[in-house]
Engineer: 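Take this structure, written in structure tokens, and hold onto it; I'll ask about it next.
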Number of protein chains: 2
Amino acid sequence: MSTPSLSAAPSFSPLYQQIKGLLKASLQGGEWKPGESIPSEIELAQRFRVSQGTVRKAVDELAAENLLVRRQGKGTFVATHAEEETQYRFLRLTPDETEGEGPVGGLQRHLVDCRRLRATVDVARALGLKPGDPVVWLRRLLLSAPAQPDGPATPVVLDDIYLHGQLFKGLSAERMSAYKGPMYRLFEAEFGVHMTRAEEKIRAVAADAAQAAVLQVPQGAPLLSVDRLCFTYGDKPVELRRGVYRTEGHHYRNVLM
Amino acid sequence: MSTPSLSAAPSFSPLYQQIKGLLKASLQGGEWKPGESIPSEIELAQRFRVSQGTVRKAVDELAAENLLVRRQGKGTFVATHAEEETQYRFLRLTPDETEGEGPVGGLQRHLVDCRRLRATVDVARALGLKPGDPVVWLRRLLLSAPAQPDGPATPVVLDDIYLHGQLFKGLSAERMSAYKGPMYRLFEAEFGVHMTRAEEKIRAVAADAAQAAVLQVPQGAPLLSVDRLCFTYGDKPVELRRGVYRTEGHHYRNVLM
DNA sequence: TAGTGGTCTAGACCACATC
DNA sequence: ATGTGGTCTAGACCACTAA
């Protein structure tokens, strides 16, 4: 391989970046599903006619972006929301006393409502749709494990979730309730939509009457408002989530580097 | 170099990890100051008696952690809070209308107070001190640029800052006010303390009387409470910052991967 | 034992900044 | 022209996993 180059690659970027793009395209195209293994580095090197080191650098970056997961001795796998470690990858709410950095443990999920609606202007804009396009709307509640066993669980999160209507066609309250695992795992398993990345906008708001009733706080009590826009492969927005969090006993944790 | 190994390295970890540790130690020890360049990869490779590729991997990781900054053709530099790009590296508050992902621009800083105090129990615990140990306390206000030029600036952030007393001995209101640049740059320049990392705990709270007055909101209005613990080299905690943010017109932005 | 990812080396060449 | 980081290769060997 005297002059390494991809056969028909007009763009002028490093080889490993081009490989990375091809791998991303394969992920987006569904050549490898979440949880599956991708070909070994040697195979990929042969396929793309580059050295193993170049493939390695591409895979390294995709692993750093949490699109792939490397496991020594076993292979490289497509990231999924199925594993224990990544259950609540996007939920940054943590009990106050916890020292172990872990996310909130022992949450109960409760689906309040699920309907098919037409996108409002702001929802449409966030999801890249036109106003009036179909969306799926979910409302669900998260309750933290009770202090004593058999004690009452306290509600901590109320989420309003808007999903891209085309991608989540058959979603219903029944299918949601039947599923035991985390929501993003269900989205992968039932609709083939893997969430890769999210952006959140956080504000402090006063609880309105409805929120106050559900979260068992006085009306006007301060709540954390978390607007999350969640993307799948190709940075395509597919979920808008408006959550309000109770932050007595819990907090939103973040690390800055 | 037939059998690559560090002369006296009893631990059993990859070479590049050991190199990384040595580089970190040099940063912590002040061999290279923020903004300065470190030796070239070739020099480091000779010093540590490893190949350039091994040094490269160590430096890559330190650059990923924002401890070093690579500049092609120029060299590798110790990260600093002086550059434009990293001015407000740790401030995640953003104007609502902004599309460009940038942090809040055109902020006015106003120092309200500055005293030497004795650490309370919680401050001491956060900073790794004993209760009663000396700390420096700062209160400062951030005001966003006015809508119209010559219009009134609106207060958006009220920070209470507690600093490790030993490290910030000569800090005074005068020195703070005299300094034009960002606070973390002053800390580097005047006290040799570079902030490497921070952890934040975010809650929604109701404005008390004092906060309401300063931030020009009604008492009881919801505010974002941001508790930041900031670390220097060696993960040593040196600053505890309790901020309350107004979030009408601004929001705390976060990206989840 | 074979296959995977992980580490390390040595050397070539490219892109960028500076003199 | 020189020195820096950036890319790419080829090959050796190690560590882990599974059959």
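Chain naming here is simple, since letters A, B, ... match the order of the sequence lines and numbering starts at 1 in each. Remember, predicted model here, so these are calculated numbers, not experimental data.
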Engineer: What pairs with Tyr233(B) under ring-ring contact (aromatic ring centres under 6.0 Å, His included), at least two apart in sequence or on another chain?
Structural biologist: His194(B)
Engineer: Lys169(B) versus Gln166(B): any side-chain heavy-atom pair under 4.5 Å?
Structural biologist: yes
Engineer: What is the separation between atom NZ on Lys20(B) and atom C1' on dT7(C), rounded to the nearest whole Å?
Structural biologist: 15 Å
Engineer: Taking all non-hydrogen atoms of both residues into account, name the closest pair between Ala126(A) and Leu240(A) and its distance.
Structural biologist: CB-CD2, 4.0 Å
Engineer: I need the CD1-P distance between Ile19(B) and dC8(C), as an integer number of Å.
Structural biologist: 9 Å
Engineer: Report the relative orientation of the aromatic rings in Tyr184(B) and His81(B); use parallel for angles under 30°, tilted for 30 to 60°, perpendicular for over 60°.
Structural biologist: perpendicular
Engineer: Is the shortest heavy-atom distance from the side chain of Met176(A) to the side chain of Glu190(A) under 4.5 Å?
Structural biologist: no
Engineer: Rounded to the nearest angstrom, tell me the gap between atom CZ in Arg71(B) and atom P in dT18(C).
Structural biologist: 10 Å
Engineer: If you only use heavy atoms from C-beta on, which nucleotide in dT4(D), dT4(C), dT7(D) is closest to the side chain of Tyr16(A)?
Structural biologist: dT7(D)
Engineer: With a 4.5 Å limit on heavy-atom distance, are the side chains of Leu256(A) and Arg92(B) in contact?
Structural biologist: yes
Engineer: Think Thr76(B) has a side-chain N or O under 4.0 angstrom from the OP1 or OP2 of dG5(D)?
Structural biologist: yes
Engineer: Determine the minimum heavy-atom distance between Tyr252(B) and Leu93(B), stating which atoms define it.
Structural biologist: N-CD1, 4.0 Å
Engineer: Check whether any side-chain nitrogen or oxygen of Ser51(A) sits under 4.0 Å from OP1 or OP2 of dC8(D), and answer yes or no.
Structural biologist: no
Engineer: From C-beta outward on Gln72(A), which listed nucleotide comes closest to its side chain: dA17(C), dA15(D), dC8(C)?
Structural biologist: dA15(D)
Engineer: Map Pro14(A) and Lys74(A) onto DNA chain D by nearest heavy atom, then report which one ends up closer to the 5' terminus.
Structural biologist: Pro14(A)
Engineer: Could you state the atom-to-atom distance from CD of Gln17(B) to P of dG6(C) in whole Å?
Structural biologist: 13 Å
Engineer: Just the rounded figure in Å: distance from P of dG5(D) to CG of Leu68(B).
Structural biologist: 11 Å
Engineer: Tell me: CZ of Arg49(B) to C1' of dC8(C), nearest whole Å?
Structural biologist: 16 Å
Engineer: Send over the distance from Phe77(B) CZ to dC16(C) C1', rounded to a whole Å.
Structural biologist: 13 Å
Engineer: Output the residues of residues 52-63 of chain A in contact with DNA chain D, where contact means a heavy atom of the residue under 4.0 Å from an atom of the strand; sort by number or write none.
Structural biologist: Thr54(A), Lys57(A)
Engineer: How many whole angstroms separate atom CD1 of Ile42(A) from atom C1' of dT9(D)?
Structural biologist: 15 Å
